[in-house]
Amino acid sequence: MTQHFINGRHVAGRTGETMAVLAPATGEEFTRIACGTAEDIDDAVKAAQAAYEGAWGKLTAAERGRLIAKLAIKVQDHFDELARIEAEDTGKPMAQARADIEATARYFEFYGGAADKVHGHVIPFMNGYSVSVVHEPHGVTGHILPWNYPAQMFGRSLTASLAMGNAVVLKPAEEACQTALRLAVLASEVGFPDGAINIVTGRGHEAGAALSAHPGIGFMSFTGSPEVGKMVQKACAENLIGCTLELGGKSPQIVFDDADFDAAVPIVCKAIVQNTGQTCSAGSRVLVQKNAYDAFVGAVARQFSTLRAGTPEMDLDCGPVINARQQGRVQSFIDQAREQGIPVLAEGQIAQGVPNGGFYVTPTLFGPVPRGNRLEQEEVFGPVLSAFPFEDESDAIRLANSTAYGLVAGIWTGNGGRQQRVAKSVRAGQVFINGYGAGGGIELPFGGTGKSGHGREKGFMALEEFAVTKTIVHKHG
Ligand code: NAP
Ligand code: MG
């Protein structure tokens with residue numbers, strides 16, 4: 001689709017310029033997208049403002065919720081089509097794409113149901129006064145999203161804002177915006193008024209920068225890298241508006257010697273392999289108590305060596321990564337660790353018959369990784385797992401908190417006291433005990449601390465981010 005979606009219609013954009021989008025599985029061009037400019041962003045913001053002041057803004061919360069819920073049903077009706085588009089655009093295995101579309105529909109169900117349940121409250125105050133606290137929309141919210149879960153991100157970021165009553169403008173990632181464009185059309189078909197949802201495709205430094213700096217935006221929701229997140233926050237500061245930043249991670253899986261290995265091993269593997277490691281909350285470090293290290297890491301290595309990467313249609317454990325740059329980046333982490341002599345404990349395989357031009361990398365397990373190494377500190381965003389031994393509980397906590405990130409942590413132990421102590425001490429926005437949900441849990445508040453960002457999405461908390469709280473004090477005697 002080589003056009004933006006503004007004010008309920010496909011439009012070519014002011015310059016008419018387009019750019020190629022490659023299919024990661026083949027490396028070949030499969031579509032082109034419009035290169036949005038500041039003028040296109042301005043058109044989209046104006047359309048959103050008009051919708052907010054007009055048809056969209058006039059709907060009751062229940063009416064908004066009903067439209068969002070209808071979109072959930074529409075997504076189910078177009079399930080195979082959306083999964084196929086998502087798989088082609090991102091290269092992800094079909095099973096992953098199908099899980100993503102299922103999750104997208106769940107976001108619409110959840111926020112459709114939540115729209116009319118944002119209640120304010122009443123505060124007892126002095127005699128002769130009534131005080132109420134209400135939550136109101138910002139007006140127009142801006143959304144800049146990455147390429148790893150494009151449909152789910154639409155569900156997560158846009159829908160919470162729409163449920164609160166805002167009109168939205170989205171700049172999706174240039175590598176993967178096809179499902180977002182399709183979802184906007186489906187939303188129109190179920191009855192969303194023109195201008196409630198607007199999408200401008202194109203480059204981050206052009207369309208994205210223009211969106212985050214636009215004075216008509218009341219709040220920004222950004223998901224992506226810490227580097228770009230800083231730029232977005234600075235742009236928001238110029239307009240004195242707030243933003244949520246959902247950034248990267250280096251999330252630890254902490255395995256004690258009393259853990260249930262049979263339960264932990266497959267989940268530790270899945271948490272890094274899911275979506276070919278391109279998940280902000282990927283469990284990219286596995287920390288194992290020293291006396292259990294060989295046995296546990298050995299079991300992970302056996303499973304890791306069975307992993308295979310292939311095309312979406314092959315539907316294996318992994319797909320390609322998103323583009324050649326990312327392929328080079330992930331490969332450079334692997335090559336450098338090998339040069340440094342860090343042991344390779346297991347390697348998966350790239351399946352026979354994948355197209356030569358596709359962006360495949362071999363899933364790799366390293367360990368023991370020296371503390372302070374790049375593999376401990378930097379997000380790889382690929383199927384690379386790093387193992388680290390630790391001595392005892394306090395060493396485990398020190399190691400878990402040794403990076404600048406703080407997104408998710410997994411704790412594996414049967415000891416109830418330890419479960420609670422470690423959960424309280426580990427720096428993360430979400431902690432799983434004897435389980436792990438990389439990206440899961442629509443109902444659960446999600447977000448980071450430190451370099452992983454700030455603000456919360458998912459669940460009811462997201463609705464608060466997309467709202468302005470107003471206190472109304474009435475002196476009536
Ligand atoms: P990215 O390079 O930061 O890009 C994210 C979005 O920002 C894209 O739409 C990008 O446009 C846009 N952008 C680039 N430069 C911009 C600028 N100067 N101003 C405004 N927008 C700009 O991130 P990515 O490489 O796509 O995604 C991977 C990162 O996202 C990882 O760090 C990952 O951990 C993080 N992530 C976090 C979460 C979370 O919930 N915490 C979820 C998913 C991903 P282009 O497409 O043109 O580059
Ligand atoms: Mg990018």
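Counting convention: from 1, in listed order, for ligands and their atoms alike.
Considering all non-hydrogen atoms of both residues, I217 and G142 come closest at CG2-N, 3.6 Å.
Contact annotation for S281 and ligand 1: no heavy atom of the residue comes within less than 4.0 Å of the ligand.
To the nearest 0.5 Å, the span separating CD1 on I68 from OH on Y107 amounts to 14.0 Å.
Taking any N or O of P226, backbone or side chain, none lies under 3.5 Å from an N or O belonging to ligand 1. Geometrically, ligand 1 and G224 share a nitrogen or oxygen pair separated by less than 3.5 Å. At a 3.5 angstrom cut-off on N or O pairs, P146 does not count as close to ligand 1. Between R203 and ligand 1, no N or O atom pair is found at a separation short of 3.5 Å. Of the N or O atoms in F446, none lie within a sub-3.5 Å distance of an N or O in ligand 1. Note: no N/O pair closer than 3.5 Å links S212 and ligand 1 by distance alone. No N or O atom of T223 sits closer than 3.5 Å to an N or O atom of ligand 1. Remark: ligand 1 and E174 share an N or O pair separated by less than 3.5 Å (distance only, no angle test). Polar contact with ligand 1: absent for S452 (N/O pair, distance under 3.5 Å).
Each of the atoms 31 (C), 32 (O), 33 (C), 34 (O) of ligand 1 lies under 4.0 Å from some heavy atom of E379. Applying the 4.0 Å criterion to heavy atoms of G208 picks out, from ligand 1, the atoms 19 (N), 20 (C), 21 (N).
Both tests hold for K458 against F446: distance to the six-membered ring centre under 6.0 Å, angle to the ring axis within 45°. Remark: K92 qualifies as a cation-pi partner of Y149 under the 6.0 Å distance and 45° angle criteria applied to the six-membered ring.
Residue nearest to atom 10 (C) of ligand 1, selected from K171, R325, E206, M231: K171 (by heavy-atom distance).
Checking T15 against T37 by side-chain atom types alone, no donor-acceptor pair falls below 3.5 Å. Side-chain atoms of R285 and Q253 form no donor-acceptor pair, as typed in the model, at a separation below 3.5 Å.
With salt bridges taken as basic N to acidic carboxylate O contacts below 4.0 Å, one links E109 and R106. In this structure, E17 pairs ionically with R203, as a charged nitrogen and a carboxylate oxygen lie closer than 4.0 Å.
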